[in-house]
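Residue indices begin at 1 and follow the sequence shown. For clarity, every value in this text was computed on a predicted model and none was experimentally measured.
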Amino acid sequence: MEDYEGFKSQIYALTKIDLSAYKEKQMRRRIDSLVVKNRCKTYKEYVALMKSDPVVFDEFINFMTINVSEFYRNPDQWELLDKEFIPELIKKSGDNLKIWSAACSTGDEPYSLVMALSRHLPLSKIKITATDIDKTVIATAKTGLYNEKSIANVPADLKKKYFTQVGKSFQISEDIKRCVEFKQANLLCDPYPKNYDMIVCRNVLIYFTDEAKTEVYGKFADALKPGGILFIGSTEQVLEYKELGYKRRYSFYYEKN
């Protein structure tokens with residue numbers, strides 16, 4: 001299929017997703033498989049179908065956002081959050097912490113944050129802002145129903161306290177859900193909120209180009225308070241973190257200067 005550059009322009013106009021920010025070879029392969037699945041012979045034909053069919057449009061958005069998520073992913077990193085960073089942030093900012101789960105996917109991460117914070121603060125004091133570009137996964141997150149594999153790493157006491165088994169699935173409690181406000185947002189083009197104590201964005205930017213990663217990490221730094229913490233995935237790193245105004249605390253935790 002030809003004219004991928006023209007396709008990128010059309011997609012940006014239609015969805016505000018900037019495909020130039022993603023690694024092209026990997027992303028183009030994913031998109032081509034979707035074009036073929038919808039029996040289109042050209043990108044132009046596929047864009048026309050997206051414009052005329054809301055189901056195809058939503059499928060594209062869902063397909064573009066790589067939603068592999070689970071509660072307490074990399075448990076040792078969450079243990080560090082529990083033992084070191086949450087107490088440190090409470091000491092700095094008191095019990096009204098502002099925390100943002102960026103690219104929150106199906107809600108596993110912001111709900112994990114609420115449960116981790118619940119060991120230190122009453123639920124009435126916990127409020128997480130959670131954003132994702134994909135309204136389908138936000139709808140899934142708001143439903144709060146998960147399979148056994150998704151919640152495998154949740155500490156046993158929290159699992160017992162905050163999940164109810166429904167058939168083969170597990171429903172997260174309304175008390176936890178009330179602590180999270182979900183919003184649709186695009187990290188590449190929407191304005192960022194300000195004055196956050198912590199931003200959590202894990203295993204998402206690995207699909208972005210180095211230039212796009214640097215731009216996003218710079219915007220995260222602007223969104224954090226001095227002394228605020230950025231928590232990223234174990235396979236990620238912040239290139240040029242000193243130039244962006246961070247100091248590295250651990251391989252996946254960065255503090256804003």
List the atom of [X], the atom of [Y], and the distance in Å for their closest heavy-atom pair.
{"X": "Gly233", "Y": "Phe252", "result": "O-CB, 4.2 Å"}
{"X": "Tyr111", "Y": "Lys177", "result": "OH-CG, 3.4 Å"}
{"X": "Ser118", "Y": "Met115", "result": "OG-O, 2.6 Å"}
{"X": "Ser169", "Y": "Leu145", "result": "CB-CG, 3.9 Å"}
{"X": "Ile232", "Y": "Ser251", "result": "CD1-O, 4.3 Å"}
{"X": "Ile133", "Y": "Gln184", "result": "O-NE2, 2.9 Å"}

Is there a donor-acceptor pair under 3.5 Å between the side chain of [X] and the backbone N or O of [Y]?
{"X": "Tyr246", "Y": "Ala221", "value": "yes"}
{"X": "Lys194", "Y": "Ala223", "value": "no"}
{"X": "Asn147", "Y": "Ser150", "value": "yes"}
{"X": "His120", "Y": "Asp82", "value": "yes"}
{"X": "Asn74", "Y": "Asp76", "value": "no"}
{"X": "Asp132", "Y": "Ser105", "value": "yes"}
{"X": "Glu236", "Y": "Val204", "value": "yes"}
{"X": "Lys8", "Y": "Leu19", "value": "no"}
{"X": "Glu45", "Y": "Cys40", "value": "no"}
{"X": "Ser101", "Y": "Cys104", "value": "no"}

Decide yes or no for [X] and [Y]: does some side-chain heavy atom of the first lie under 4.5 Å from some side-chain heavy atom of the second?
{"X": "Lys142", "Y": "Val180", "answer": "no"}
{"X": "Leu205", "Y": "Tyr217", "answer": "yes"}
{"X": "Ile151", "Y": "Lys159", "answer": "yes"}
{"X": "Leu97", "Y": "Lys125", "answer": "no"}
{"X": "Leu244", "Y": "Tyr254", "answer": "no"}
{"X": "Leu187", "Y": "Tyr192", "answer": "yes"}

**OP:** Kindly assign one of parallel, tilted or perpendicular to the pair Phe85 and Tyr250, based on the angle between their ring planes and the thresholds 30° and 60°.
**Re:**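 Perpendicular.
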
**OP:** Look at the rings of Trp78 and Tyr72 and say which category their plane angle falls in: under 30° parallel, 30 to 60° tilted, over 60° perpendicular.
**Re:** tilted

Original post:
Which is it for Ile11 and Met50 under the side-chain contact (heavy atoms from CB on, under 4.5 Å) test, yes or no, and what are the steps along the way?
Top reply: CA-CA 10 Å; Ile11 288 298; Met50 281 178 66; 3.9 Å; yes

Taking atom types as modelled and ignoring hydrogens, do the side chains of [X] and [Y] form a donor-acceptor contact shorter than 3.5 angstrom?
{"X": "Ser20", "Y": "Tyr12", "result": "no"}
{"X": "Tyr43", "Y": "Asp32", "result": "yes"}
{"X": "Thr131", "Y": "Trp100", "result": "yes"}
{"X": "Asp108", "Y": "Thr106", "result": "yes"}
{"X": "Gln77", "Y": "Arg202", "result": "yes"}

Is [X] salt-bridged to [Y], cutoff N-O under 4.0 Å?
{"X": "Arg29", "Y": "Glu24", "answer": "no"}
{"X": "Asp197", "Y": "Lys98", "answer": "no"}
{"X": "Glu255", "Y": "Lys92", "answer": "yes"}

Subject >> From CA spacing to verdict: side-chain contact (heavy atoms from CB on, under 4.5 Å), Cys201, Phe220 >> reply: CA-CA 9 Å; Cys201 185; Phe220 282 155; 3.8 Å; yes

Original post:
Are Leu14 and Met27 linked, directly or through other ILVMFWY residues, by side chains that come within less than 4.5 angstrom of each other?
Top reply: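 Linked within one cluster.
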
Original post:
Passes salt bridge (Lys or Arg N to Asp or Glu O under 4.0 Å), Arg73 versus Glu109? Steps please.
Top reply: CA-CA 8 Å; Arg73 190 173 187 177; Glu109 197 165 84; over 6 Å; no

Subject >> Within the 6.0 Å centroid threshold, strictly below: Phe71 and Phe170 >> reply: no

Original post:
For the rings on Tyr253 and Phe231, is their centre-to-centre separation under 6.0 Å?
Top reply: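 Judged by ring-centre distance (under 6.0 Å), Tyr253 and Phe231 do meet the cut-off.
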
Original post:
Is it true that atom NZ of Lys44 has more than 12 heavy atoms of other residues, nucleotides or ligands lying nearer than 6.0 Å?
Top reply: no

Original post:
Can you tell me how far the CD1 atom of Ile199 sits from the NZ atom of Lys256, to the nearest 0.5 Å?
Top reply: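 So the gap between those two atoms works out to 9.0 Å.
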
Original post:
Roughly how far, to the nearest 0.5 Å, is CG of Asp95 from CG of Leu121?
Top reply: 6.0 Å

